[in-house]
Amino acid sequence: MKLLWTREDDMAHDFYRPAGFHFFKGGIDASGKLIAWRNHFVTFGSGDRFASSAGINATEFPSRFVPNFSLDTSVMASGVPTGALRAPEVTASRL
């Protein structure tokens with residue numbers, strides 16, 4: 001016997017990886033070295049809080065390597081349950 005979920009059942013009983021959109025801008029100097037980086041990240045959550053597994057912070061790559069680094073975030077409301085797809089985020093409090 002083989003169990004085959006309907007599409008409706010499959011979509012109703014799971015967590016989904018939250019969508020995200022990055023808009024990047026960068027700048028280089030005369031020698032081609034990266035000197036500016038701007039990332040506007042849009043994702044889902046509640047209020048100004050990211051949904052589970054949807055976050056990004058200003059210390060992630062390439063922040064330490066670019067002198068003029070900027071990270072802006074926008075959070076949109078979503079009624080869809082979200083979570084890690086394969087690799088849950090590890091935070092310092094869980095180490």
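Computed from a predicted model, the values in this text were never measured in an experiment.
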Looking at [X] and [Y], what are the two nearest heavy atoms and their distance?
X: F50; Y: T73; answer: CZ-CG2, 3.8 Å
X: T43; Y: A54; answer: OG1-CB, 3.4 Å
X: A19; Y: F44; answer: CB-CE1, 3.5 Å
X: I28; Y: L34; answer: CG2-CA, 4.1 Å

**Report entry** Distance in Å, F41 CZ paired with S74 OG, rounded so as to fall on 0.5 Å steps
**Finding:** 10.0 Å
Requested in this report: Starting at CD of E60, measure out to CZ of F69 and round the result to the nearest 0.5 Å.
Outcome: 8.5 Å
Requested in this report: Evaluate the side-chain proximity of I56 to N39: yes if any heavy-atom separation is below 4.5 Å, no if none is.
Outcome: yes
Query - Flag for H40-D72: side-chain donor and acceptor within less than 3.5 Å - result: no
Query raised in the report: Do you reckon V75 sits in the same ILVMFWY cluster as V42, going by side-chain contacts under 4.5 Å, direct or chained?
Result: no
Report task. Kindly say whether A58 contributes a backbone atom to a donor-acceptor pair with the side chain of S63 at under 3.5 angstrom? Result -> yes
Query raised in the report: Between T6 and D9, is there a donor-acceptor pair closer than 3.5 Å when you use the side chain of the first and the backbone of the second?
Result: yes
Query raised in the report: Hey, what's the ring geometry for F65 with F61, parallel, tilted or perpendicular (30° and 60° as the breaks)?
Result: tilted
